[in-house]
Amino acid sequence: MPRLNLWEWNPNHQSQGAPEMNSGRLRASHLTGKPEAGHETNPTFKIFPSTEAAPFDHPEQLLKGIARSRDYLLSQQHDDGYWVGELEGDSILESEYILLLAFLGKQDSEEAVQAANHLMDIQMPDGGWNMYPEGPIEISASVKAYFALKLTGHSPESDYMQRARLAILAAGGVEAVNSFTRYYLALLGVIPYTKCPAVPPELMLIPRWMPFNIFEMSAWSRTILVPLSILWAYRPSITLPPEQGITELFIGDPAAYPNTIPKSEALDSLKKKTWLNWHRFFQIVDQGIKGLETLGLKPLRKRAVTKAHEWMKSRFAHSDGLGAIFPSIVWTVIALKSLGEEDNSPDTQRAMRELKKLQIKDGDRIRLQPCKSPVWDTALSTIALREAGVSNRHPAIRKCVKWLLSQEARQPGDWVNSSRSQAPGGWYFEFNNEFYPDIDDTAMVIMALRRCMPKSLKNDQWLTDFLVTPEWNPYEEDLNTEAIIAGRSESREQAYADLDLLQPMIGAIQRGMHWMLGMQNKDGGWGAFDRDNNRELFTQVPFADHNAMVDPSTADLTARVLEAFADMQLPISHPACQRAIEYVWSEQEDDHCWYGRWGVNYLYGTWQAILGLTQIGVPADDPRIVRAVGWLNSKQQPSGGWGESADSYADPTLRGQGAETPSQTAWALMGLMAAGEIDSAAVRRGIHYLLETQNADGNWDEAPFTGTGFPKVFYLKYHLYRTYFPLMALARFERLRR
């Protein structure tokens with residue numbers, strides 16, 4: 001339980017404006033009513049209006065737009081206190097689910113047929129399937145979609161299947177698919193496993209201190225590859241009737257299918273240049289592993305498989321399936337079947353139930369989500385509503401705070417293998433994923449909770465001041481104190497009742513802050529799930545073509561942590577802040593924007609970088625900030641909005657270009673406002689765009705995908721991005737212009 005410093009204040013000795021109960025260490029500003037620099041209720045922004053600056057000329061329309069959006073978002077809250085919008089991915093979710101059902105002998109099931117119906121709905125006009133609505137054909141997705149349709153009874157002679165076949169052949173045929181698709185083809189008997197990249201379970205036996213152990217992979221890769229290694233060991237496969245095969249999708253003779261996978265165009269280049277062709281080196285290693293297995297040289301195989309199985313089972317508890325993500329759960333089912341478990345075994349049934357929870361049924365269609373995003377959506381919804389003036393005593397806010405507190409990770413996870421702090425804390429993305437809290441959700445939840453706590457004695461009954469690290473705390477006798485609370489109350493009983501509400505929030509926030517501090521990388525930045533998860537050579541192994549084998553520092557995550565630190569009043573002089581600031585500056589592009597790893601793309605990265613830097617205390621008139629503002633202004637479209645397609649990941653010359661969207665417009669606006677551009681013409685036009693495109697119910701329409709899973713490989717559409725981000729931008733503008 002958090003320790004709180006609490007002293008009783010004698011009303012007979014109080015000064016004008018002093019509270020009846022406080023810690024005994026009030027700042028002078030608490031007595032005068034004027035905020036001390038760095039501790040204002042609202043963020044302070046030095047305003048540098050553009051030459052066209054002018055006050056906003058439609059305040060009533062702005063207030064009405066905020067109210068409509070606020071009410072709409074409140075209406076979307078679930079009874080338990082959380083928000084969760086649909087998380088939409090591409091066609092591989094439905095295709096791979098059908099392929100799994102086919103392996104289980106259920107390709108004729110109603111589920112499979114309805115998932116196939118959805119595949120037909122999202123087929124491109126020229127016949128293929130893509131990763132995002134405006135994107136080009138993606139060969140692996142297209143091969144799997146065609147195969148899934150054929151397995152569910154769709155005739156290859158039909159017009160849409162003919163178009164699909166021609167599009168697939170034009171894009172390189174089955175020969176061009178990625179490593180994970182090869183595994184599905186081997187599972188269903190289309191190709192032998194020798195054509196797949198080797199994923200030997202002996203990887204489980206590599207000790208933590210040696211290179212290429214499993215904890216040097218990203219968390220999401222780890223949860224996929226461990227069950228996949230069991231597949232490699234057992235090589236399960238079924239034989240389909242010839243008419244359900246896909247020989248028509250091969251460019252050449254299926255018997256001559258290549259044993260190795262060419263280097264994927266989706267892979268990012270190595271940052272450190274090397275004279276050795278590592279991709280070719282690992283191809284040779286792959287062939288060597290297969291050669292040894294052909295000779296029967298597998299002395300550690302049984303031990304390795306047992307360890308892989310135990311590793312999986314130990315992570316089933318407190319989780320929405322292994323890793324709480326779709327691909328890991330699918331491979332878990334197949335791994336369990338390979339180990340001899342029946343369809344009705346508890347672990348297999350549980351994994352299948354988790355897959356079912358990811359389904360969204362719409363008439364005679366089923367679509368699947370890659371996972372669910374309740375913690376993320378709830379934190380962002382909370383911040384937006386607080387920005388829009390919803391009281392921290394409002395029932396909706398009280399409920400969501402209680403729910404967020406219930407989602408804190410309180411058990412050690414995989415992160416303990418790299419973190420400097422072994423104490424659990426932080427938050428995960430999904431409903432249950434105890435082993436994998438992440439930096440992004442933790443920072444966002446900390447900000448949400450912090451903004452639900454009183455910050456000003458003028459407007460609230462209680463003020464909290466956090467003590468985050470011993471080196472920051474100026475009072476030696478309080479090195480173990482988590483927070484100083486000051487406040488007023490009608491009675492001692494009421495005071496303790498109020499403290500009972502604040503106490504769990506303080507403890508959770510403090511644990512989250514310490515957890516984040518312990519996860520800072522050596523380069524000053526933060527990755528998502530692990531510390532110093534940056535062994536680049538892992539990206540060159542044959543099964544790394546999902547372009548996310550490691551989890552290095554990124555500017556957007558690092559800047560978000562800086563924003564959270566600013567909310568917690570961590571000073572800019574703190575060593576963690578200094579190192580993070582240096583890292584963010586080092587990632588600024590030559591044209592002054594920032595890359596977005598977790599949102600599309602440079603608009604996302606630039607918004608978050610400007611916001612994090614200015615919130616922590618970097619002056620808005622810093623030339624690097626000013627140039628970033630210029631980049632954002634240069635990308636505003638004639639409509640007043642901003643938009644960027646995921647095309648910019650493959651072709652960076654397209655950065656900041658694409659159809660306007662409400663979420664990306666909101667990001668750009670919040671970046672500009674963070675830099676002080678409150679009254680600029682660009683901000684006014686962006687606010688007008690949001691107000692003019694708002695629907696009568698208070699929401700907005702948004703078709704493009706603006707979330708990023710794996711750059712160049714997998715993208716996401718968060719269905720609540722179009723709701724809480726525009727509300728956040730409009731409400732922030734209204735607050736700052738006052």
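In this text, all values refer to a predicted model and were calculated from it rather than measured experimentally. The analysis underlying the following values was restricted to heavy atoms, covering all of them including side chains, and did not include hydrogens, waters or symmetry mates.
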Donor-acceptor pair, [X] side chain versus [Y] backbone, under 3.5 Å?
X: Ser338; Y: Ile334; answer: yes
X: Thr442; Y: Trp427; answer: yes
X: Thr558; Y: Trp526; answer: yes
X: Ser345; Y: Glu341; answer: no
X: Arg420; Y: Leu517; answer: yes
X: Lys106; Y: Ala112; answer: no
X: Arg367; Y: Lys361; answer: no
X: Asn521; Y: Gly524; answer: no
X: Tyr82; Y: Asp377; answer: no
X: Lys150; Y: Gly245; answer: yes

May I ask you to test the [X]-[Y] pair for a side-chain heavy-atom distance under 4.5 Å?
X: Pro711; Y: Arg597; result: yes
X: Met124; Y: Ile137; result: yes
X: Pro133; Y: Phe705; result: yes
X: Leu187; Y: Ile238; result: no
X: Asp90; Y: Trp129; result: no
X: Leu100; Y: Val333; result: yes
X: Cys371; Y: Leu87; result: yes

Do [X] and [Y] have a side chain donor and acceptor closer than 3.5 Å?
X: Gln114; Y: Glu110; result: yes
X: Gln520; Y: Tyr583; result: no
X: Gln359; Y: Gln369; result: no
X: Thr554; Y: Asp556; result: yes
X: Asn601; Y: Ser648; result: yes
X: Ser553; Y: Asp523; result: yes

Exercise for the section: Determine, stepwise, if the pair Glu88 / Tyr715 fulfils side chain to side chain donor-acceptor pair (under 3.5 Å). Expected result: CA-CA 9 Å; Glu88 185 179 347; Tyr715 299 97; over 6 Å; no
Identify whether the distance between the nearest side-chain nitrogen and carboxylate oxygen of [X] and [Y] falls below 4.0 Å.
X: Glu434; Y: Arg410; answer: no
X: Glu354; Y: Lys357; answer: yes
X: Lys712; Y: Asp647; answer: no

Problem - Verdict with supporting geometry, Thr306 and Trp311, side-chain contact (heavy atoms from CB on, under 4.5 Å) - result: CA-CA 9 Å; Thr306 299; Trp311 188 93; over 6 Å; no
Smallest separation among heavy atoms of [X] and [Y], with atom names:
X: Met519; Y: Phe529; result: CE-O, 3.2 Å
X: Asn130; Y: Gly135; result: ND2-O, 3.0 Å
X: Glu175; Y: Tyr257; result: CA-CE1, 3.6 Å
X: Tyr649; Y: Gly599; result: OH-O, 2.8 Å
X: Ala423; Y: Trp415; result: O-CH2, 3.5 Å
X: Ile329; Y: Asp320; result: CD1-O, 3.4 Å

Distance in Å, [X] [atom1] paired with [Y] [atom2], rounded so as to fall on 0.5 Å steps:
X: Leu149; Y: Glu94; atom1: CG; atom2: CD; value: 11.0 Å
X: Asp343; Y: Thr348; atom1: CG; atom2: OG1; value: 7.0 Å
X: Arg165; Y: Leu249; atom1: CZ; atom2: CG; value: 8.0 Å
X: Phe431; Y: Ser406; atom1: CZ; atom2: OG; value: 10.0 Å
X: Leu358; Y: Lys372; atom1: CG; atom2: NZ; value: 6.5 Å
X: Leu368; Y: Ile92; atom1: CG; atom2: CD1; value: 11.0 Å

Practice task
Could you point out which residue of Tyr184, Trp232, Trp220 forms a ring pair (Phe, Tyr, Trp, His ring centres under 6.0 Å) with Trp331?
Solution key: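 By the ring pair (Phe, Tyr, Trp, His ring centres under 6.0 Å) criterion, Trp331 pairs with just one of Tyr184, Trp232, Trp220: Tyr184.
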Handout entry: side-chain contact (heavy atoms from CB on, under 4.5 Å) between Glu96 and Val330, intermediate numbers included
Key = CA-CA 8 Å; Glu96 291 179 1; Val330 168; 5.5 Å; no
Handout entry: Residue pairs, two or more places apart or on separate chains, that pass salt bridge (Lys or Arg N to Asp or Glu O under 4.0 Å) and touch residues 293-303
Key =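 Salt bridge (Lys or Arg N to Asp or Glu O under 4.0 Å) check on residues 293-303 returns Glu202-Arg301, Arg235-Glu293, Glu293-Arg301.
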Problem - Enclosure of His318 NE2 (heavy-atom neighbours >12, cutoff 6.0 Å) - result: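 It does not: His318 NE2 has 12 such atoms or fewer within range.
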Exercise for the section: Return yes when atom CD of Glu243 has more than 12 non-hydrogen atoms of other residues, nucleotides or ligands closer than 6.0 Å, and no otherwise. Expected result: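 Buried by this count: over 12 neighbours within 6.0 Å.
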Practice task
Take Glu86 and Tyr718, measure what side chain to side chain donor-acceptor pair (under 3.5 Å) needs, and give me the verdict at the end.
Solution key: CA-CA 6 Å; Glu86 180 180 345; Tyr718 292 79; over 6 Å; no
Practice task
Would you please test Ser319 and Asn432 for side chain to side chain donor-acceptor pair (under 3.5 Å) and show each step?
Solution key: CA-CA 5 Å; Ser319 172; Asn432 299 285; over 6 Å; no
Practice task
Report the residue from Ile224, Leu322, Asp347 that forms a side chain to side chain contact (heavy atoms under 4.5 Å, CB included) with Thr332.
Solution key: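 Per the side chain to side chain contact (heavy atoms under 4.5 Å, CB included) rule, the option paired with Thr332 is Leu322, out of Ile224, Leu322, Asp347.
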Handout entry: From CA spacing to verdict: side chain to side chain donor-acceptor pair (under 3.5 Å), Asn433, Glu430
Key = CA-CA 6 Å; Asn433 198 10; Glu430 304 87 353; 3.0 Å; yes
Practice task
Taking the six-membered ring for Trp and the single ring otherwise, decide whether the centroids of Tyr595 and Tyr604 are under 6.0 Å apart.
Solution key: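 No, the ring of Tyr595 stays outside the 6.0 Å limit from the ring of Tyr604, centre to centre.
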Handout entry: Sub-6.0 Å ring centroid separation between Tyr436 and Phe429
Key =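 No.
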Practice task
Run the numbers on Leu716 and Thr708 for side-chain contact (heavy atoms from CB on, under 4.5 Å), then give the verdict.
Solution key: CA-CA 6 Å; Leu716 298 163; Thr708 307; over 6 Å; no
Exercise for the section: For the pair Ile139 and Val143, evaluate side-chain contact (heavy atoms from CB on, under 4.5 Å) and give the outcome as yes or no after the intermediate values. Expected result: CA-CA 6 Å; Ile139 184 60; Val143 168; 4.0 Å; yes
